[in-house]
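Right, one structure below, let's go through it.
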Amino acid sequence: MTASRYVRLLGLTLPSLVVWSFVVIAVAVRDSFPASAGDCWRFRDSCRMATQNSDHRRTLSMAERLREEAEREGSDWFMAYALYYQGVSNVILGNSGLGKAQLDEAYRYADAVADDTLRLSIHNGYGVYEANTHANYASAQRHFYEALEYAVKIGDPLRQALIEANLAETASIRRDTSGLRYALSCYEWGMTNDNAQLGFAGAYHCANLLHIAGDHEKAMAYIRKADELAASVNYVERSATYNLRGSICAALGRDIEALEWMEKAVAGAGEAQGATLPEIYCTYARILADQGRLAESDRMIARGFNVSDSLLIRSSLAPLLAQRARNYERRGDYRRALEAYKAYKESCDSANVDRQLRSINELRVQYDIERREQEANMHALMLRGEQRKTAILWVSLLSVTAILFILWHNYRRQKRLYRNIVMAHRDAVAREQELLGRIGSRNDNISDKPVPRVTTDGEISLSDIPDAYPANQKTRTNLVFDSLCRLMEVDEVYRDGNLTRERLAEMLGTNRTYLSQIIAEHTGKGYYQFVNGYRIKEAVRILSGPEGTAYPLKAIAADLGFKSMTTFYKTFQEVVGMTPSAYRDTASTL
């Protein structure tokens, strides 16, 4: 994640299916079995089944009985699971503070019994808590990577697929369609291994990300599959699926069908997860507003705010505020629309570096205005006596001192934010390198396969497609995109400063128009945005390491294919949220 997107939540609201995919981890937890009484196993299995079916209220009841039995037997292992299931269910149902405390206690027990499976599950729970309760996606991603490390360590592809579902959900919240690869991997693993839970999670996230990308027809196919899988395993909580299906129908112009699905979503709200409720109301409000039913839309927005406030769910505030602003604008009430939009932007950008810089500039302007006004007042009051003049000078001095203190305070906040950005990127780089080394063998059988060439008219030569690529397994665009990613990630062609769209298309055996279409379809980005993304990612890796201190920025820019320092600085600032020199200076102090 880039720093500028940590707190960004735009457009379509999304249900927190990351929570759902997290709790399904319980399906596979029977690794290390300490000796204990049969009642503990029975209650634990009841917790697992209730969680698997999204019946979290029953999970709380069974977990309390498991906790009592674990205390009676003196089993730390079963106590850890009791607290784990309680924490998971409370986070999902909106009792975030209590759930977090229970997860903390469960982790202490997990350390005591040295159970990596429990550590994996609890880290995943922490990620869900950070994403849903605080909208802190950087912290959430850090916990998901912690969980992924444990999954790799214990050699469990099931848990790897589960965490991929969480990463897909985080990408959905950030409206980053590159997360589609995680969703597809999760879906394919679930269907290949006859795992309906993972098949559902993958299908749902595929539908969501395709919907965000604008491919609504394909999104509808995946959401139908998700609904089918949900029915096959009798999930208690179906509102999230209905909500997304209603949104997709609305995008396809099926207004009546969209409202029918939203009515179903609201009708099932009593069984919905805590974070799902405000998102349902926001989606419903958007659909009603698009149909001109603004009064009903306003009521749905109010219900969404009430749920968000009562459950302390921050991640839903931005889309609700954005919809409120659009409703005011449709009525022609531009003053209230502007106020709502300002509140929306404040909610989105509260931790953004740009906002901090703007705040400092505003304080400087404010200081200058006040200083000028005070000088004018002093000239006018000089005629009233020396005593009055002295008083005004003291007031001015105190005002300047207060403003300087505020400026210093904001500067310190900016430095802390820079530090957090660098630490997050360094941590992500380190984890990515380690994880790539561990799971590289998992993809060897894919990376060794030849990729068919695409002709200039966009056709694939069937003779180039080996048996390893059945006709129904990958589309033409997927094959070309795989080749494109390999050129970027393995061959590092982005380092060539003379790399043009035509030259890259020639490497892939296609044309520049088809290449641009493939990039937009898979990533939602333009050609230069796509290529520069790889360049900035490598720049961050260099500047995060010890070699970055002695590596001139001009040399880095040239080595990574940037033709000018201006372009390098501008692109780095946009992606990371700070300049490369500020990044290096901050990294050198850590």
Show, in sequence, the C-alpha distance, side-chain angles and deciding distance for R299 and L288, and conclude whether the side chain to side chain contact (heavy atoms under 4.5 Å, CB included) test is met. CA-CA 10 Å; R299 286 194 289 272; L288 289 168; over 6 Å; no

Rounded to the nearest 0.5 Å, the CD atom of E71 sits from the CG atom of D76 at a distance of 11.0 Å

| message | Looking at S185 and R181, would you say the former's side chain and the latter's main chain have a donor-acceptor pair under 3.5 Å? | response | no

Could you tell me if the side chain of E73 sits less than 4.5 Å from the side chain of D39, heavy atoms only?
no

Practice task
Kindly assign one of parallel, tilted or perpendicular to the pair Y85 and Y81, based on the angle between their ring planes and the thresholds 30° and 60°.
Solution key: tilted

With a 3.5 Å cut-off and no angle check, do the side chains of S89 and R57 form a donor-acceptor pair? no

Nearest heavy-atom approach of I163 to A151 is CD1-CB, 4.1 Å

Could you tell me whether the side chain of F305 reaches within less than 4.5 Å of the side chain of L321, counting heavy atoms only?
yes

Could you walk me through whether E68 and R65 satisfy the salt bridge (charged side-chain N to carboxylate O under 4.0 Å, His left out) test, starting with their C-alpha distance in whole Å, then the side-chain angles of each, then the deciding distance to 0.1 Å, before giving a yes or no? CA-CA 5 Å; E68 293 171 356; R65 298 181 70 179; 6.0 Å; no

Shortest non-hydrogen pair, L66 vs C40, comes out as CD1-O, 3.4 Å

Contacts of E296 meeting salt bridge (charged side-chain N to carboxylate O under 4.0 Å, His left out) (sequence neighbours excluded), chain-then-number -> R293

| S247 and H211: side chain to side chain contact (heavy atoms under 4.5 Å, CB included), yes or no, with the steps? | CA-CA 9 Å; S247 182; H211 183 35; 2.9 Å; yes

Quick one, M79 and E69 - any side-chain contact, counting heavy atoms below 4.5 Å? no

Between T177 (side chain only) and T523 (backbone N and O only), is there a donor and an acceptor less than 3.5 Å apart?
yes

For A63 and C47 the tightest heavy-atom approach is N-SG, 3.3 Å

Take V576 and I421, measure what side chain to side chain contact (heavy atoms under 4.5 Å, CB included) needs, and give me the verdict at the end. CA-CA 8 Å; V576 180; I421 291 173; 4.0 Å; yes

> When you look at D104 and K100, which way does the salt bridge (charged side-chain N to carboxylate O under 4.0 Å, His left out) test go after all the steps?
Replying inline: CA-CA 6 Å; D104 288 341; K100 173 62 162 53; 3.1 Å; yes

Polar side-chain atom of N124 near backbone of L120 as donor-acceptor pair, under 3.5 Å: no

Requested in this report: Determine whether L209 and D176 make a side-chain contact, defined as any pair of heavy atoms from C-beta on separated by less than 4.5 Å.
Outcome: no

Rounded to the nearest 0.5 angstrom, the CZ-CG distance for F144 and L167 is 7.0 Å

Identify whether the distance between the nearest side-chain nitrogen and carboxylate oxygen of R326 and E329 falls below 4.0 Å. no

Looking only at heavy atoms, the pair that brings A183 and A168 closest together is N-CB, 3.8 Å

One should read off an interatomic distance between D45 CG and R42 CZ, to the nearest 0.5 angstrom, of 10.0 Å

Donor-acceptor pair, N306 side chain versus A302 backbone, under 3.5 Å? yes

Residue set satisfying salt bridge (charged side-chain N to carboxylate O under 4.0 Å, His left out) with E339, at least two apart, ordered chain then number -> R335

Taken in chain and number order and not counting sequence neighbours, the residues that satisfy salt bridge (charged side-chain N to carboxylate O under 4.0 Å, His left out) with D116 are R119, K153

_Students often mix this up, so state it plainly: with edges at 30° and 60°, are the rings of W77 and W41 parallel, tilted or perpendicular?_
tilted

I want to check something: taking the side chain as every heavy atom from C-beta on, are N208 and L244 in contact at a cut-off of under 4.5 Å?
yes

d(L198 CG, E188 CD) to nearest 0.5 Å is 12.5 Å

Point to revise | W261 vs T241 side-chain heavy atoms within contact, under 4.5 Å | key: no

For residues 90-117, the ring-ring contact (aromatic ring centres under 6.0 Å, His included) pairs (sequence neighbours left out) are Y107-H123

Shortest non-hydrogen pair, S232 vs L229, comes out as OG-O, 2.6 Å

**Asked** Can you find a heavy atom in the side chain of T283 that is under 4.5 Å from one in the side chain of R286?
**Response** yes

Separation between CG (L184) and CD (E164), nearest 0.5 Å, reads 10.5 Å

Evaluate the side chain to side chain contact (heavy atoms under 4.5 Å, CB included) criterion for residues T51 and R58: first the C-alpha distance (whole Å), next the side-chain angles of each, then the deciding distance (0.1 Å), finally the verdict. CA-CA 8 Å; T51 301; R58 175 172 171 76; over 6 Å; no

Next item on the list: Compute whether any side-chain donor of one residue and acceptor of the other, for E263 and Y284, lie under 3.5 angstrom apart.
Entry: yes

Minimal heavy-atom distance between A203 and Y187, with the atoms involved, is N-CD1, 3.6 Å

Between the CG atom in N90 and the CD atom in Q102, the distance rounded to the nearest 0.5 Å is 4.5 Å

Checklist entry - So do Y84 and I122 actually touch side chain to side chain, heavy atoms under 4.5 Å? => result yes

Only residue of M220, M262, K264, E260 satisfying side-chain contact (heavy atoms from CB on, under 4.5 Å) with R245 is M220

Residues at least two apart in sequence or cross-chain that pass side-chain hydrogen bond (donor to acceptor under 3.5 Å, both in side chains) with Q86, listed by chain then number, are E64, R67

For this session: Report yes or no: does T192 contribute a side-chain atom to a donor-acceptor pair with the main-chain N or O of W189 at less than 3.5 Å?
Result: no

N195 side chain vs Q197 backbone, donor-acceptor pair below 3.5 Å = yes

Sequence neighbours excluded, the answer for ring pair (Phe, Tyr, Trp, His ring centres under 6.0 Å) partners of Y182 is none

Main chain of T117, side chain of S121: is a donor-acceptor contact present, judged purely on distance under 3.5 Å? yes

